[in-house]
Number of protein chains: 2
Amino acid sequence: MSVGLREVAARAGVSVRTVSNVANGFAHVAPDTRRRVQQAIDELGYRPNSNARQLRRGRTETVSLVVPEIDTPYFAELASLTVRIAEERGWTVHIDQTDGDPDRERRMVAGPVGRSVDGVLCSPWAVSSEELSRLRTGPVVVLGERRAASGLDHVAIDNVAAGVTATAHLLSLGRRRVAAIGAQPHLHNGTARLRLDGYRSALREAGVPVAEGLVARVQTLHRPDGASAMARLLDSGEQVDGVFCFTDELALGAMRTLAERGLRVPEDVAVVGFDDIVDGRWSVPALTTISPDKAQIARMALDCLAARIADPAAPDRDLVAAHRLLVRETASG
Amino acid sequence: MSVGLREVAARAGVSVRTVSNVANGFAHVAPDTRRRVQQAIDELGYRPNSNARQLRRGRTETVSLVVPEIDTPYFAELASLTVRIAEERGWTVHIDQTDGDPDRERRMVAGPVGRSVDGVLCSPWAVSSEELSRLRTGPVVVLGERRAASGLDHVAIDNVAAGVTATAHLLSLGRRRVAAIGAQPHLHNGTARLRLDGYRSALREAGVPVAEGLVARVQTLHRPDGASAMARLLDSGEQVDGVFCFTDELALGAMRTLAERGLRVPEDVAVVGFDDIVDGRWSVPALTTISPDKAQIARMALDCLAARIADPAAPDRDLVAAHRLLVRETASG
DNA sequence: TTGTAAGCGTTATCAC
DNA sequence: GTGATAACGCTTACAA
């Protein structure tokens with residue numbers, strides 16, 4: 001049936017210890033022995049059982065990436081990069097989706113760590129870092145800014161600064177009725193709040209009054225929310241000549257509504273998004289957006305997790321990755 | 001350190017056997033014992049070690065999904081659905097990406113199966129089913145049509161019929177210079193070939209001559225390929241009033257080129273895509289497309305894999321999932 | 001209903 | 001440099 005170390009050992013006329021040494025590329029094996037063992041391995045088609053190995057070693061060389069949804073473009077890209085970069089250090093990534101369900105989020109962070117995975121990378125949606133910190137049973141790195149001492153490592157871009165940049169860009173184009181789409185006062189996930197802070201701060205700095213009627217809330221960050229938020233804004237009677245959307249998906253939804261209302265982008269309304277998903281590069285017109293350095297985020301998070309695994313008692317860190325404004329067609333001048 | 005069955009047993013004053021029974025929800029445990037054990041489990045924060053469990057049981061309750069890229073919208077959606085549906089039967093899905101590399105494809109199908117996973121769902125790109133069949137060391141289900149007896153189970157939609165439907169729709173709109181974007185004669189993956197067969201067959205049936213100059217080849221199925229293929233078509237001097245793209249991504253790329261050339265969609269050129277990715281629902285104009293029933297594909301594949309695991313010797317099956325034409329703005333009349 | 005003990009396939013600690 | 005052999009944490013006959 002299943003061929004293990006024992007069968008190979010018998011065939012090569014050595015002990016399991018020696019086979020294990022060869023299979024793991026250990027140094028001190030006589031060349032002749034190595035050759036004989038390797039041959040037996042090939043002939044029998046031996047493949048090591050990773051479960052047994054992990055059980056014995058107490059390490060899985062696997063980390064999990066917990067995100068709200070796998071098929072959201074931003075998370076799909078992030079996951080893809082994370083898998084690729086993790087591979088460089090010999091790690092396997094297990095991708096988990098929570099569907100934004102707080103209980104699943106809690107379970108996926110608390111449950112498997114230290115058992116089936118060595119650590120967790122989590123992009124929380126409905127649960128605060130503070131709670132995750134209390135729940136955790138092993139190394140956890142949070143993707144997203146730390147708002148206060150949380151007891152957890154965090155990796156994120158500077159969302160406030162990015163919000164300022166996006167809004168200031170719209171203002172620099174001469175727009176004075178700049179709306180914001182994406183406020184989420186109901187969530188523990190503080191990202192939207194930070195981008196909103198940036199938006200308000202840029203307006204203040206430019207001496208443009210902050211009209212609360214220009215701030216649209218959303219339930220999720222997907223296209224339908226962007227479309228309906230844009231419609232609400234337009235229907236409210238507020239004048240709008242620019243809009244900062246907290247995700248590209250929201251922006252793409254908003255653009256659809258603008259097109260349906262016969263409003264031109266960017267002539268009538270300029271649009272800036274956030275995330276730099278590929279859809280935005282190919283929309284017509286192409287979307288101006290804040291581009292977070294996703295590869296850097298993934299790499300920092302993985303490095304940070306490795307450090308945390310190596311030293312569980314180290315003080316927690318707050319790492320910030322780069323971002324930049326990508327000026328394309330929906331907001332340029 | 002790590003709390004296991006033993007610690008819990010000691011605390012509850014029972015044997016490990018009983019703790020295991022409680023942890024696994026076994027029937028025959030005295031209510032009082034169960035209560036005591038459960039309390040010890042909670043107090044000690046016991047979490048079962050899945051590696052040990054899997055090693056002992058010889059089953060991982062995990063399957064892997066091998067796709068070219070996680071962040072391709074189609075595969076991201078499929079992965080998301082697969083994870084969700086697999087959950088219903090208590091399975092975990094491990095998502096692997098091959099980047100279209102044949103060696104990785106071979107490794108990911110042949111390596112882990114029977115060791116760290118109970119079976120594999122594979123959407124091959126560069127390796128033929130026949131070869132995968134020879135390489136496999138355990139249950140494998142291929143996502144994609146069987147072109148000949150392959151020795152493997154297959155799940156797919158009827159790509160020829162879908163190609164006919166898409167092309168016929170364009171013809172029904174009065175278009176007579178219908179191009180096809182997406183031919184991939186260099187790949188083992190036969191999907192493009194089948195869609196092309198459908199395209200040709202629809203033209204023949206309508207008595208429209210098949211102009212080979214209207215068939216554009218691509219290297220990958222992403223937007224840049226669609227954009228450059230469209231540009232080549234236009235530059236070749238061929239008249240084009242309709243185009244059938246073998247993926248929505250290709251279509252979105254092609255639409256970008258059309259916009260840059262000042263051609264209107266659908267007035268000047270009507271466009272039909274394939275896959276029904278969400279981007280197409282929100283593009284301006286919205287993309288008419290062939291919509292494969294992805295949830296059905298995922299469910300069929302999982303069911304098929306379960307059956308294969310249960311009976312490795314059963315004759316291989318060829319399952320076909322549903323698809324339909326979704327008429328939106330880029331091709332309607 | 002519950003306890004005892006034998007493995008699952010590895011790796012790691014001793015010896016030799 | 002290589003061979004016995006004891007764990008790793010769990011499930012499961014077999015007993016009691």
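Because only heavy atoms are used, hydrogens play no part in the values below, and waters and symmetry mates are left out as well, while side chains stay in.
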Mind calculating the distance between NE2 (B:H28) and P (D:dT12) to the nearest angstrom? 15 Å
In terms of side-chain heavy atoms of A:L55, which of C:dT2, C:dG9, D:dC10 is nearest? C:dG9
Name the closest nucleotide to the A:L5 side chain, picking from D:dT2, C:dT11, C:dG9. C:dT11
Under 4.0 Å between a side-chain N/O of A:T33 and OP1 or OP2 of D:dG1, yes or no? no
Whole angstrom value for the distance that separates P of C:dT11 from CG of B:N51: 13 Å
Base, sugar-phosphate, or nothing: which does B:F26 touch, judged by heavy atoms less than 4.0 Å apart? nothing
Is any side-chain N or O of B:T18 closer than 4.0 Å to OP1 or OP2 of C:dT2? no
Give a yes/no on whether any side-chain N or O of B:R53 is located under 4.0 angstrom from OP1 or OP2 of D:dT11. yes
Is B:E131 salt-bridged to B:R106, cutoff N-O under 4.0 Å? yes
Check if the side chain of B:R56 and the base of D:dT11 share a donor-acceptor pair of N or O atoms closer than 3.5 Å. yes
For A:W125 against A:Q184, the heavy-atom pair lying closest together: CH2-NE2, 3.4 Å
Output yes when at least one side-chain N/O atom of A:R6 is less than 4.0 Å from OP1 or OP2 of C:dC8, else no. yes
Nearest to side-chain heavy atoms of A:N24, which nucleotide of C:dT11, D:dG3, C:dT1: C:dT11
When rounded to whole Å, the CZ to C1' distance for the pair A:R59 and C:dT10 reads 17 Å
Presence of donor-acceptor pair under 3.5 Å, side chain of B:R34 and base of C:dT1: no
In whole angstrom, give the distance that lies between atom CG of A:N21 and atom P of D:dG3. 10 Å
Can you check the A:R17 CZ to C:dT13 P distance for me, whole Å? 10 Å
From C:dA5, D:dC10, C:dT11, nucleotide with atom closest to B:N49 side chain: D:dC10
For B:R34 and B:F26, the nearest pair of non-hydrogen atoms, with its separation, is NH2-O, 2.7 Å
Note: A:R146 and A:R317 closest approach over all heavy atoms is NH2-C, 3.9 Å
The side chain of B:R57 is closest to which nucleotide in this list: D:dT12, C:dG9, D:dT2? D:dT12
Does the side chain of A:N51 pick up a donor-acceptor pair with the side chain of A:R56 at under 3.5 Å? no
Does A:S20 place a side-chain N or O at less than 4.0 Å from the phosphate oxygens OP1/OP2 of C:dT11? yes
Counting side-chain heavy atoms from C-beta on, which of C:dG3, D:dG3, C:dT2 comes nearest to B:V29? C:dT2
